[in-house]
Amino acid sequence: QVHFVESGGDSVQAGGSLSLSCTASDYLYKTPCMAWFRQAPGKEREGVAAITNNGRLRYADSVKGRFTFSKDDGENTLYLQMNDLKPEDTAIYYCAARTTTMCATPRMNPEEYTYWGQGTQVTVSS
């Protein structure tokens with residue numbers, strides 16, 4: 001079973017940037033179908049960005065052009081670079097992985113994900 005630890009959350013002003021990290025306890029190739037999610041107070045958990053085993057990426061419309069999902073297999077770490085942050089980006093951000101190793105399509109339904117980190121808080125003030 002793989003474990004994830006997120007870091008990098010902080011409080012910033014609108015227009016600022018943050019870089020979130022998610023370090024896995026095992027090799028990323030064992031859980032190649034991964035995603036970033038977020039959950040704001042009183043709202044459902046929503047997908048932010050997802051990646052497939054062949055590197056295909058998908059972003060939520062609300063973050064497209066501002067957020068970048070990347071990974072470093074050598075460091076077993078995922079990254080989420082967030083630029084031009086907005087107050088509506090305020091949420092707890094989670095990384096997650098599916099149990100399947102074959103995923104042709106990036107999926108952003110949280111119910112399809114089994115392994116989760118503990119989350120890191122991002123707060124954006126106006």
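Taking the six-membered ring for Trp and thresholds of 30 and 60 degrees, Y27 and Y29 have nearly parallel ring planes, at less than 30 degrees apart.
Residues I51 and P106 are not in side-chain contact: their nearest non-hydrogen atoms beyond the backbone lie 4.5 Å or more apart. Between Y115 and D26, the closest side-chain pair of non-hydrogen atoms is not below 4.5 Å. Counting heavy atoms from C-beta on, the side chains of Y93 and C22 never come closer than 4.5 Å. Residues N53 and M102 have side chains in contact (heavy-atom distance under 4.5 Å, counting atoms from C-beta outward). Put simply, the side chain of R98 reaches to within 4.5 Å of the side chain of C103, judged on heavy atoms. Between D89 and M82, every side-chain heavy-atom pair lies at or beyond the 4.5 Å cut-off.
In this structure, the ring of Y113 has its center no less than 6.0 angstrom from the ring center of Y94.
For the pairing with V12, the side-chain contact (heavy atoms from CB on, under 4.5 Å) check across L85, T123, V122 returns one residue only, L85. Between C33 and the options T100, T105, T99, a side-chain contact (heavy atoms from CB on, under 4.5 Å) holds for only T100.
In summary, the side chains of S7 and T120 do not present any donor paired with an acceptor at a separation below 3.5 Å, with no hydrogens or angles considered.
Using a 4.0 Å cut-off between charged nitrogen and carboxylate oxygen, D73 and K71 count as a salt-bridge pair.
Of all non-hydrogen atoms in M108 and Y59, the two that sit nearest each other are CE-C, 3.9 Å.
Hydrophobic clustering of Ile, Leu, Val, Met, Phe, Trp and Tyr side chains at less than 4.5 Å, counting indirect connections, unites V124 with W36. No chain of hydrophobic side-chain contacts below 4.5 Å, direct or via other Ile, Leu, Val, Met, Phe, Trp or Tyr residues, connects M34 to F37. Residues V5 and L28 are members of separate hydrophobic clusters, defined by side-chain heavy-atom contacts under 4.5 angstrom among Ile, Leu, Val, Met, Phe, Trp and Tyr.
Rounding to the nearest 0.5 Å gives a distance of 9.0 Å between CZ of R38 and OG1 of T90. The distance from the CG atom of L20 to the CG atom of L78 is 11.0 Å, given to the nearest 0.5 Å.
The 12-atom threshold is not exceeded at CD of Q13, counting heavy atoms of other residues, nucleotides or ligands nearer than 6.0 Å.
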